[in-house]
Each structure stands twice: as structure tokens, then as C-alpha cells.
Protein chains: 4
Amino acid sequence: MVMDGEALKERHLLPIRVYYEDTDFSGIVYHASYLRFMERGRTELLRARGISQIQLAEGSYGDACAFVVRDMKIDFLRPGRMDDELLIETTIESVGGASVSLNQRVLREDTILVTAAVRLAVIGSNGRAKILPPPLMAVLTGR
Amino acid sequence: MVMDGEALKERHLLPIRVYYEDTDFSGIVYHASYLRFMERGRTELLRARGISQIQLAEGSYGDACAFVVRDMKIDFLRPGRMDDELLIETTIESVGGASVSLNQRVLREDTILVTAAVRLAVIGSNGRAKILPPPLMAVLTGR
Amino acid sequence: MVMDGEALKERHLLPIRVYYEDTDFSGIVYHASYLRFMERGRTELLRARGISQIQLAEGSYGDACAFVVRDMKIDFLRPGRMDDELLIETTIESVGGASVSLNQRVLREDTILVTAAVRLAVIGSNGRAKILPPPLMAVLTGR
Amino acid sequence: MVMDGEALKERHLLPIRVYYEDTDFSGIVYHASYLRFMERGRTELLRARGISQIQLAEGSYGDACAFVVRDMKIDFLRPGRMDDELLIETTIESVGGASVSLNQRVLREDTILVTAAVRLAVIGSNGRAKILPPPLMAVLTGR
């Protein structure tokens with residue numbers, strides 16, 4: 001079962017500021033920093049829909065579980081710099097029985113710095129993939 | 001010359017959210033993450049007073065220069081956790097000819113998680129300590 | 001011009017230890033930490049062939065230039081944990097006029113934790129893509 | 001009870017390489033990176049004495065417990081740079097009932113970049129300070 005209706009595709013926006021910690025000696029944002037930014041964007045998308053990651057881990061939605069990144073395809077198009085105000089855009093593309101696919105972009109005003117396609121899975125406390133708990137599924141698909 | 005009048009002591013507050021990236025396998029915030037949080041607080045205090053670190057580095061306030069941390073004394077009093085909303089409080093304690101002393105605290109509502117005394121110096125592009133440029137001095141002391 | 005003969009495909013191995021800083025509250029290695037590990041692997045592969053990134057940036061191989069990651073496809077297959085001894089395996093797949101393609105794997109003994117296909121470009125000090133300087137090309141292709 | 005005989009003061013040395021991830025746009029090592037380096041040094045000192053942090057957390061030495069940093073005094077004397085080979089020197093200064101004091105230095109050949117005095121405490125799984133488990137005490141004091 002995969003759902004990918006329009007309802008999913010509401011984009012979530014998180015503003016981010018670039019600090020010293022995010023840059024490297026070449027003068028621009030270190031490439032792995034964008035993964036941290038995009039993880040913040042996914043965390044805030046879930047929070048905006050009422051899902052707390054710490055509660056997930058503590059079993060508040062059925063068995064204890066956690067989202068993990070299964071795979072990512074990332075294009076680094078333009079460099080970000082110290083002091084930049086960036087926008088992390090996150091869109092849920094589809095929700096399957098055991099995974100969620102998202103598209104993410106890092107924007108500086110009208111310029112796209114980074115694009116990514118991300119697939120998340122849900123794992124139980126034994127570390128194995130599991131079916132999305134129904135309350136999580138309901139929240140993600142809006143049904 | 002050291003200035004440490006009341007005018008300096010306006011405290012600056014920056015809200016911070018704790019994300020995955022800030023925690024470690026022991027379940028709490030990794031101790032070095034607080035240094036990143038406090039650096040964000042100092043950057044935002046400077047920005048609130050009209051000072052951009054990238055412009056500093058590019059020489060917009062006279063010769064190119066940069067703040068560096070000279071020393072820190074940090075007390076880690078209580079652990080922060082994933083999803084915490086923290087407040088970074090920064091107060092300038094004194095401004096000398098070549099250094100700035102600040103006090104910083106990391107708060108979760110009424111609980112103090114971390115306190116730090118931080119001394120910054122200004123270095124030129126040759127990496128050597130230098131006198132604070134007058135426009136920087138004026139902004140920091142409010143004179 | 002693309003070269004991808006056998007000569008390129010000598011694999012480079014870098015041992016890595018997992019520390020607190022690399023993990024998150026879910027108990028496993030934070031996904032973005034693998035990008036830091038793989039960047040270390042690429043840096044050491046270059047160093048093993050006599051190329052220093054700081055010298056690149058300082059113009060020791062012609063004009064000042066730097067490698068940047070253009071795109072990555074990453075599969076996170078199994079979790080790493082605190083104290084793990086990992087091996088970062090890096091293989092140059094092909095060297096084109098303005099980019100280098102590598103395959104990287106993160107291994108724990110016989111277990112593959114992460115695989116990645118990475119494409120690097122070379123940029124000049126103006127931030128624009130440029131042709132690989134001939135000494136760099138020679139070193140990378142072994143010709 | 002505090003022990004601080006000569007037996008404690010055997011210094012532990014860990015070589016570290018500076019990578020992109022450790023630097024910032026000002027061109028030098030980001031100040032918080034030294035805390036990561038020094039944590040690696042403490043982890044390796046413990047490992048050299050047969051103590052695994054993950055086993056500590058899993059209760060292999062009595063009740064589950066973990067070291068946490070209680071306070072640090074750090075002096076940043078000189079900047080480190082990309083590609084530097086650094087040495088992290090760690091010396092146990094004293095071992096009390098519930099805390100361990102260490103001195104740490106970050107060296108580049110004969111140059112001291114950073115010095116730190118670090119006090120660790122041991123906490124139980126409830127997050128509260130506890131007495132050092134006897135096997136841990138024995139290992140740390142060499143008795």
C-alpha cells in the first residue's frame with residue numbers, strides 16, 4: 001500500500017541560520033551540514049503534525065520505534081555561506097507500509113542550494129524494520 | 001582600559017531546539033554541543049548589535065579580523081535531551097582593549113543546564129591578537 | 001575524456017573508530033556522521049597519492065582550487081554503534097575533465113554498513129567549476 | 001578518598017588528524033572540535049586500561065553507568081589547521097569517590113595548542129551522580 005495523494009504534498013518550511021559550526025576552511029558550508037539541516041526539517045515536519053521523536057522512541061505510539069534514513073540521493077548545486085538565512089523545504093512524496101519518501105530542498109531566497117530525495121524506514125527497538133504504526137500512518141497521510 | 005558598566009549587561013536570549021545531531025548514544029546532549037549553542041548565542045548577540053562575522057572577516061570594520069575564543073570555564077550542571085527547547089543567555093561582562101569577557105547560560109525554563117565564562121580575543125588576518133577596532137569597541141560598549 | 005581503467009580501481013582503506021560524537025540518542029551512529037567518515041577516506045586517498053587539500057587550496061597545483069561534492073547516492077544498510085571499528089573503503093571509478101567519481105563503503109568486518117556513489121568537482125577560487133589541473137589529473141589516473 | 005599518586009600520572013597519547021569537518025570558515029580548527037578530540041583521548045585512555053564505554057552503559061561493571069563531564073577549564077593558545085597531525089595527551093590527576101580529574105593537552109609537535117582541566121563524574125541510569133564502581137576505581141588508580 002502506497003499513498004501519495006495531493007494531501008501529502010503540503011510542503012513544510014523551516015528557516016535555518018548558518019553558523020561557524022556549519023562551515024569549513026574552504027569558506028563555505030560543509031557538505032554534511034546539509035544533512036543535519038534536512039534532519040531538522042524532517043523533525044519539525046513531524047512535530048508540526050504532532051509527532052515527537054522522543055515519544056516515538058519511548059513507545060507513545062504503540063511499540064517503541066524510530067525513523068531511520070534508508071537512502072538518500074543528494075545534489076549539491078550551489079554553496080551556502082556563513083550567516084546565510086536558509087529555508088529547508090520538506091515534502092512527503094509517498095507513504096508505504098514500512099517506509100516514507102520525502103523530497104527536500106535547501107533554499108536561499110530564490111536560489112536552490114541542495115536537493116535531496118530521502119527514504120525513511122521505521123525500526124523497532126530490536127533494530128529491525130517494522131510496519132508503520134497506524135497512528136503514525138494516519139498522521140503522515142492525513143487520513 | 002576595561003569597561004564594564006551597566007550598559008554592557010543587557011542580556012541576549014536565543015532560543016535553541018535540540019535535534020538528533022546534538023545528542024549522543026548515552027541519550028543526552030553531547031557536551032561539546034553546548035559550545036556550538038553558545039557560539040550561536042554570541043553570533044546572534046553581535047548580529048543584534050549590527051555586527052556580522054562575515055563582514056568582520058572581510059574587513060568591513062577596518063582591517064580584516066575575527067573573534068576567537070581565548071579561554072572558557074564551563075560547568076555542566078544538568079543534562080539536556082532530544083526535543084528540548086533551550087534558551088541561550090549571553091551577557092557581556094567587560095570589554096578590554098584586546099578581549100571581551102562574557103557570561104553564558106543554557107536554560108530550560110527555570111532550570112540552568114550549563115554556565116560558562118568565556119573570553120574572546122580579536123585576531124588579525126596574520127593570526128595575531130590585535131586591539132579591538134574602534135567601531136567594534138563602540139558597538140560592544142554602547143558608547 | 002573519461003578514464004576508468006583498472007589502474008584507477010585500487011581501493012583505499014582507512015580505519016575509523018566510532019566515538020560519542022558520532023552517535024545520537026537513538027543509540028546508533030548518526031546518519032550524517034558517515035559523510036564525515038567518507039570525507040576522511042577521500043582526504044586520505046588523496047594524501048596517499050601525494051595530494052594535500054590545504055596545498056590545493058593554496059594553489060600549489062596551479063591555480064587555487066578545491067574539491068567539492070557535486071552529488072551523492074547513499075544507502076544506509078545497517079547501523080554502526082559506539083566503539084565500533086569501521087573501515088572506510090574508497091575506490092576511484094572514473095576521472096573526467098572536471099569531475100571524479102568514487103565508490104565508497106563503510107565496513108565492520110564482513111558487514112557492509114553503508115555504500116555511496118560520490119561525484120566530486122573541482123572549483124576555482126571564484127567558486128566556479130574548472131578543469132582538473134594536469135598534475136591532479138596525472139595523480140588520480142596514475143598516468 | 002582522593003588518590004593522586006605517581007601511578008596515576010602516566011600520560012596517554014592519541015594521534016589525531018584534522019579534517020574538513022573540524023575546521024570553520026575562518027580557516028582554522030573550530031573551537032568545539034577540540035572537545036571532540038579530547039573526548040576521543042579520554043575514551044582511548046579508558047580503552048587502554050580495559051574499560052569500554054559501551055560496556056559501562058550496558059552494566060558490565062556493576063550497575064549501568066556512564067561518565068559525564070562535570071566541568072572544564074580550557075585555554076585555546078594557538079590555532080590548529082586543516083591536515084595538522086595533532087597529539088591528544090591525557091593524564092589522570094586524581095580519582096575521588098565520585099569524580100575523576102584529568103589534564104589534557106592538544107599538541108602539534110612541540111607546540112601546545114590547547115590545555116584543559118576536566119572533571120568527570122559517574123552517573124547511574126537514573127541520571128544521578130554515583131560512587132565509582134570498585135572495578136572502575138581499581139582500573140583508574142592502578143590498585
Side-chain angles (χ1 to χ4, degrees), chain B residues 15-41 52-60 64 66 68-69 72 74-88 106-109 111 113-114 116 123-128, chain C residues 15-41 52-60 64 66 68-69 72 74-88 106-109 111 113-114 116 123-128:
Chain B
I16 291 273
R17 175 72 77 168
V18 175
Y19 292 108
Y20 271 88
E21 65 187 271
D22 305 312
T23 62
D24 68 41
F25 86 104
S26 74
I28 59 176
V29 171
Y30 183 60
H31 73 298
S33 300
Y34 295 108
L35 273 77
R36 299 194 289 110
F37 298 166
M38 293 191 288
E39 187 275 318
R40 295 181 204 170
S52 145
Q53 308 250 354
I54 201 166
Q55 287 175 1
L56 264 187
E58 288 169 350
S60 305
V68 293
V69 179
M72 297 187 87
I74 316 168
D75 288 275
F76 302 93
L77 305 175
R78 279 171 217 289
R81 294 184 191 285
M82 174 68 184
D83 285 333
D84 276 356
E85 288 186 82
L86 305 179
L87 217 46
I88 312 304
V106 181
L107 308 162
R108 184 180 52 214
E109 294 178 350
T111 306
L113 303 188
V114 175
I123 57 167
S125 49
N126 59 0
R128 289 168 179 259
Chain C
I16 292 272
R17 175 71 77 167
V18 175
Y19 293 108
Y20 271 89
E21 64 188 273
D22 305 313
T23 61
D24 68 40
F25 86 104
S26 74
I28 58 177
V29 171
Y30 183 62
H31 73 298
S33 300
Y34 295 108
L35 273 78
R36 298 194 289 111
F37 298 166
M38 292 191 288
E39 187 275 320
R40 296 181 204 171
S52 144
Q53 308 251 354
I54 201 167
Q55 286 175 2
L56 263 187
E58 288 169 351
S60 305
V68 293
V69 179
M72 297 187 87
I74 315 166
D75 287 274
F76 301 94
L77 304 175
R78 278 171 218 287
R81 295 186 190 282
M82 175 69 185
D83 285 332
D84 275 357
E85 288 188 81
L86 305 179
L87 217 45
I88 312 303
V106 181
L107 308 163
R108 184 180 52 214
E109 295 178 350
T111 307
L113 303 188
V114 174
I123 57 167
S125 49
N126 59 0
R128 289 167 179 259

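Naming convention: chains lettered A, B, ... in sequence-line order (proteins, then strands); numbering from 1 in each chain.
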Report, by ascending residue number, the residues of residues 15-22 of chain B in heavy-atom contact with chain C at a distance under 4.5 Å; give 'none' if the set is empty. Tyr20(B), Glu21(B)
Output the residues of residues 30-39 of chain B for which the shortest heavy-atom distance to chain C is under 4.5 Å, in residue-number order; output 'none' if no such residue exists. Tyr30(B)
Run the side chain to side chain donor-acceptor pair (under 3.5 Å) test against Ser52(B) and tell me which residues pass, sequence neighbours left out. Asp83(A)
Going by side chain to side chain donor-acceptor pair (under 3.5 Å), name the residues that satisfy it together with Ser26(B), two or more places apart in sequence or in a different chain. Asp24(B)
Looking at Glu58(B), I want to see if its CD is surrounded by more than 12 non-hydrogen atoms of other residues, nucleotides or ligands under 6.0 Å. yes
